[in-house]
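FYI, side chains are in, hydrogens and waters are out, and symmetry mates aren't considered; it's all heavy atoms of this structure.
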Amino acid sequence: EGFLPTADVAFLDEVFKANSSILNALLTLLNERVFDNGGSRGRVPLWCAVAASNELPESDELDALFDRFLLRRAVPRVSDDTMP
């Protein structure tokens, strides 16, 4: 309980900084809604994943993951000038 394989909704922070094994597991989870844990494969109830990153992916190997997010929104940095 409380981990991604059991989540209905997930927030993935700094998703593009994950290592390749995490990214591969995440791709399988997003595409097939399954999670491999050792020798077993289980269904994942995930229906919504929201990701955030301070930088856009720069390498081609991250394109597959970037393509899984259908809605994208670039938000400018908050500066002291914009604060009341």
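- Among the candidates T6, L29, T28, the single residue satisfying the side chain to side chain contact (heavy atoms under 4.5 Å, CB included) test with V44 is L29.
- Between L12 and F69, the closest side-chain pair of non-hydrogen atoms falls below 4.5 Å.
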List the steps and the verdict of side-chain contact (heavy atoms from CB on, under 4.5 Å) for L30 and L46. CA-CA 8 Å; L30 292 174; L46 187 70; 4.0 Å; yes

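- Considering every non-hydrogen atom in both A18 and L23, the closest pair reads O-CD1, 3.6 Å.
- If you chain together hydrophobic residues whose side chains sit under 4.5 Å apart, I22 and L65 never meet in one group.
- Note on residues 33-45: pairs passing side-chain hydrogen bond (donor to acceptor under 3.5 Å, both in side chains), not counting sequence neighbours, are E32-R41, D36-R41.
- Cluster annotation: L27 and V34 are assigned to distinct hydrophobic clusters (Ile/Leu/Val/Met/Phe/Trp/Tyr, side-chain heavy-atom contacts under 4.5 Å, transitive).
- Every pair passing side-chain hydrogen bond (donor to acceptor under 3.5 Å, both in side chains) that includes a residue from residues 64-73 is listed here, sequence neighbours excluded: N31-R68.
- A distance of 9.0 Å separates OG of S53 from CG of L62, quoted to the nearest 0.5 Å.
- Closest approach of L56 to F66, counting heavy atoms only: CD2-CE1, 4.2 Å.
- Shortest non-hydrogen contact noted between P5 and P45 is O-CD, 3.5 Å.
- Contact between V50 and C48 at its shortest, heavy atoms only, is CG2-SG, 4.1 Å.
- Applying the salt bridge (charged side-chain N to carboxylate O under 4.0 Å, His left out) test to every pair with at least one member in residues 7-31, sequence neighbours left out, gives these pairs: E14-K17.
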